[in-house]
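For reference, the structure is listed below as structure tokens.
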Amino acid sequence: MIRLGAVYPNAALIANATLRHKFGLNPSYERDSDAKRRVKSFAGRALRKAGFAPDVSTTDMVTFRIDENVESFIVDVEPFPRNF
């Protein structure tokens, strides 16, 4: 489940990062008014969906498994993608 309370600030921060990186501006989320934050949130979502902001998601890799027959209960394995 996605917390909507975190979606708007994250999208606004994406907009700020894009403005900083692409246009050399220095925007601030903390000093923005509520209306400006809302506009930046919608702009950030649009920028991300349009491909202007890089996709930073990574695959969650499993690097160990639990084995009750081992003293420490943890066994290292070859990394593989988490399947849930």
Side-chain angles (χ1 to χ4, degrees):
M1 183 172 150
I2 297 175
R3 283 186 15 222
L4 289 179
V7 171
Y8 293 119
N10 290 345
L13 294 174
I14 288 171
N16 282 345
T18 304
L19 290 171
R20 225 178 254 114
H21 181 72
K22 302 273 185 192
F23 303 108
L25 301 175
N26 193 15
S28 172
Y29 181 79
E30 293 174 349
R31 292 188 303 253
D32 288 343
S33 66
D34 287 339
K36 199 170 185 180
R37 286 180 182 180
R38 180 66 59 129
V39 169
K40 282 186 178 180
S41 294
F42 289 117
R45 292 189 69 176
L47 288 169
R48 189 178 68 219
K49 290 187 184 279
F52 290 109
D55 182 20
V56 293
S57 61
T58 59
T59 304
D60 188 16
M61 302 296 280
V62 175
T63 59
F64 67 92
R65 68 180 171 86
I66 298 174
D67 186 354
E68 57 188 43
N69 298 325
V70 178
E71 183 178 333
S72 66
F73 296 105
I74 296 176
V75 177
D76 290 331
V77 297
E78 266 319 294
F80 61 91
R82 190 174 307 276
N83 61 359
F84 61 86

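The figures here come from the full heavy-atom set of this structure, side chains too, leaving out hydrogens, waters and symmetry mates.
Interatomic distance, Met61 CE to Glu78 CD, rounded to the nearest 0.5 Å: 9.5 Å. Interatomic distance, Ile74 CD1 to Arg65 CZ, rounded to the nearest 0.5 Å: 11.5 Å. Taking CZ of Arg38 as the start and CG of Asp32 as the end, the distance is 13.5 Å to the nearest 0.5 Å. A distance of 7.5 Å separates CD in Glu68 from CZ in Phe73, rounded to the nearest 0.5 Å. Here the CG-OG1 distance, from Leu13 to Thr18, works out to 10.5 Å after rounding to the nearest 0.5 Å.
Closest heavy-atom contact between Ser41 and Ala11: O-CB, 3.2 Å. Contact detail for Pro81 and Thr59: the closest heavy-atom pair is CB-CG2, 3.7 Å. Annotation for Arg37 and Glu30: closest pair NH2-O, 3.4 Å, computed over non-hydrogen atoms. Across Leu47 and Ala15, no two heavy atoms sit closer than the pair CD1-CA, 4.1 Å. Considering all non-hydrogen atoms of both residues, Val62 and Val77 come closest at O-CG2, 4.3 Å.
Using a 4.5 Å heavy-atom cutoff, the side chains of Pro27 and Lys40 are in contact. Between Arg20 and Leu25 there is no side-chain heavy-atom pair separated by less than 4.5 Å.
Phe64 CZ: 12 or fewer foreign heavy atoms inside a 6.0 Å radius. Counted within 6.0 Å of CG on Asp60, heavy atoms from surrounding residues, nucleotides or ligands total more than 12; the atom is thus considered enclosed. Applying the 6.0 Å contact sphere to CZ of Arg31 captures no more than 12 heavy atoms from other residues, nucleotides or ligands.
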